[in-house]
Enquirer: 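Below is the structure I would like to discuss, written out as structure tokens.
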There are 2 protein chains.
Amino acid sequence: MTEVERISKRGAIRQENEARILAAAEKVFAEAGFGGATMQLIADMAGLPKANLHYYFATKEELYRKVVQQIFEIWLHAADSFDNAPGPVEAIGAYIDAKMEISRRHPFGSKVWASEVMHGAPVIQDYLETTLRDWTAGRARLIQKWIDEGKMAPIDPNHLLYMLWATTQHYADFGHQIETLNGGMPLSDQQWKAAKASVKTIILRGIGAL
Amino acid sequence: MTEVERISKRGAIRQENEARILAAAEKVFAEAGFGGATMQLIADMAGLPKANLHYYFATKEELYRKVVQQIFEIWLHAADSFDNAPGPVEAIGAYIDAKMEISRRHPFGSKVWASEVMHGAPVIQDYLETTLRDWTAGRARLIQKWIDEGKMAPIDPNHLLYMLWATTQHYADFGHQIETLNGGMPLSDQQWKAAKASVKTIILRGIGAL
DNA sequence: TTTAACCTTGACCATATGGTCAGGAAGCGA
DNA sequence: TCGCTTCCTGACCATATGGTCAAGGTTAAA
């Protein structure tokens, strides 16, 4: 028995194990897809017997749903930078930084999200139609305001948002391809910095905000 | 070419059925992922008994591999516009148009590709390391040449290419999300035109080529 | 110590799935 | 028509997987 396990027994065993399982599940779902993932694999990765997973999460679907929801929360948070910014340069610049950082720190989550949406969002369709739709409409209005104020060129706000999502998430979802094209090496700190700078430069100049 | 293949070209049955199966497989793999796809589902969609699929494609993996290869061919073709163009505006503009058109006409293929790469490219890793790496290096050199000639701003060519891939493919891979945010309706002709224009405008201005 | 709630897990089950195969049908040149 | 190849398919099999369960262990408050 390890030190960590002993301590956890005093306190929140459930919390500890659920977090452990969710982390393992996120990775396995990302790497194998929902259909390719197996509870056994997740269990092994979490270091628990399979039956124990079903004690905390009744079904594979329930576990998957929790993983997706967790990611969605993180993504919404990244959007905070959009508010309370004087103009597009600060808002969009910070948003790109935040999303790039998430692609770097949570590549598995990004992939699970991408997979979920690609397959028709069977689990989080309601989120798309409520939370995401509202968020998008709000930011689109904000962008339109900046356009009206002459702070940036007249660009369709929705397509700009799509471009922001696409470019930033690409570094997580297609990370393997990028790594391969980078000689089989993950991007270095320097290269991540360059990536962020490139994306920000092109987009901010592209919308006429620089 | 083997004896079997040559003879089979006489009759169109093989060709016809293989195409039928490949089309069904592309759709099912895109919508369910490799793990979630079943030979039965593909068979039903192709209107053939399951055993017949195995007559033409020995294993699920072989069928999947063919689907992925098919897509890769289409993508390479879209890159032709990059060559024989006087400068970045024509080359990149045409490339964006071509890739957007592929996202519109072959959304399933795009999703299968995305899924394959997201899961670590188990099937087409060799393509990434040879064909794609060479193609990318060549275009990066071309972009660098344009920069040296003052035809565009100094941008890291690789990150520019990633952005081109990300933005164009997003319209296929995240088509469901876009459709949801579009009030549940697929993009109209008008909206696709606006999408292309937005992407081209932002990127071409973003790289200082306009 | 007792007790009740919580946690753990090996063994088991029903089902779904990839793949096989034998036997027969259809196409086609001679 | 004959003979050969190609094509078709229902029935079947071995295996993997999600999920269940009952028995037992652990914890902490009373």
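A quick note: this is a predicted structure, and the numbers were derived from the prediction, not measured. Lettering of chains follows the sequences in order, A, B, ..., and the numbering in each one begins at 1.
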Enquirer: Grab the CD1-C1' distance between B/Ile21 and D/dC8 for me, whole Å please.
Expert: 12 Å
Enquirer: Parallel, tilted or perpendicular for A/Phe82 and A/Trp135, by the 30°/60° rule?
Expert: perpendicular
Enquirer: Using whole Å, report how far CZ of B/Arg14 lies from P of D/dC7.
Expert: 5 Å
Enquirer: Tell me which pairs pass side-chain hydrogen bond (donor to acceptor under 3.5 Å, both in side chains) where either residue lies in residues 100-109 of chain B, with sequence neighbours left out.
Expert: B/Glu101-B/Arg105, B/Glu101-B/Lys196, B/Arg104-B/Asp189
Enquirer: When the side chains of residues 64-76 of chain A are checked against the rest of the protein, which donor-acceptor pairs come out under 3.5 Å, sequence neighbours left out?
Expert:
from, atom 1, to, atom 2, distance (Å)
A/Tyr64, OH, A/Glu116, OE1, 2.6
A/Gln69, NE2, A/Tyr127, OH, 3.3

Enquirer: Please work out whether the ring planes of A/Tyr162 and B/Tyr171 are parallel, tilted or perpendicular, with thresholds of 30° and 60°.
Expert: perpendicular
Enquirer: I'd like to know whether CG of B/Asn84 has more than 12 heavy-atom contacts from other residues, nucleotides or ligands below 6.0 angstrom.
Expert: no
Enquirer: For A/Glu62 and D/dG19, what is the distance between atoms CD and C1' respectively, to the nearest whole Å?
Expert: 13 Å
Enquirer: For A/Asn158, does its backbone N or O pair with a side-chain atom of A/Asp156 as donor and acceptor, under 3.5 Å?
Expert: yes
Enquirer: Can you measure B/Gln40 atom CD to D/dA11 atom P for me and round it to whole angstrom units?
Expert: 13 Å
Enquirer: Measure from CD on A/Glu16 to P on C/dC7 and round the result to the nearest Å.
Expert: 12 Å
Enquirer: Nearest whole Å is fine: how far is D/dT17 P from A/Glu61 CD?
Expert: 15 Å
Enquirer: Scan residues 31-39 of chain A against DNA chain D and write down, sorted by residue number, each residue with any heavy atom closer than 4.0 Å; if none is found, say none.
Expert: A/Ala37, A/Thr38, A/Met39
Enquirer: Near DNA chain D, under 4.0 Å by heavy atom, which residues of residues 44-60 of chain B?
Expert: B/Pro49, B/Ala51, B/Asn52, B/Tyr55, B/Tyr56
Enquirer: Does B/Lys60 use its side chain to pair, donor to acceptor, with the backbone of B/Ala37 at less than 3.5 Å?
Expert: yes
Enquirer: Quick check: do A/Leu22 and A/Lys27 have side-chain heavy atoms less than 4.5 Å from each other?
Expert: no
Enquirer: Over its full length, what angle do the end axes of the helix from C/dT1-D/dA30 to C/dA30-D/dT1 make, each axis taken from five pairs and the result rounded to 10 degrees?
Expert: 10°
Enquirer: Sorted by first residue and then second, give each side-chain hydrogen bond (donor to acceptor under 3.5 Å, both in side chains) pair with at least one member in residues 42-54 of chain B; sequence neighbours left out.
Expert: B/Gln40-B/Asp44
Enquirer: Taking all non-hydrogen atoms of both residues, which atom of B/Tyr56 and which atom of B/Glu18 are closest, and how far apart?
Expert: CD2-CG, 3.9 Å
Enquirer: Taking 4.0 Å as the cut-off, does a side-chain nitrogen or oxygen of B/Asn17 come that near to OP1 or OP2 on D/dT6?
Expert: no
Enquirer: Using a strict cut-off of less than 4.0 Å between a Lys/Arg side-chain nitrogen and an Asp/Glu carboxylate oxygen, indicate whether B/Arg139 and B/Asp134 qualify as a salt bridge.
Expert: no
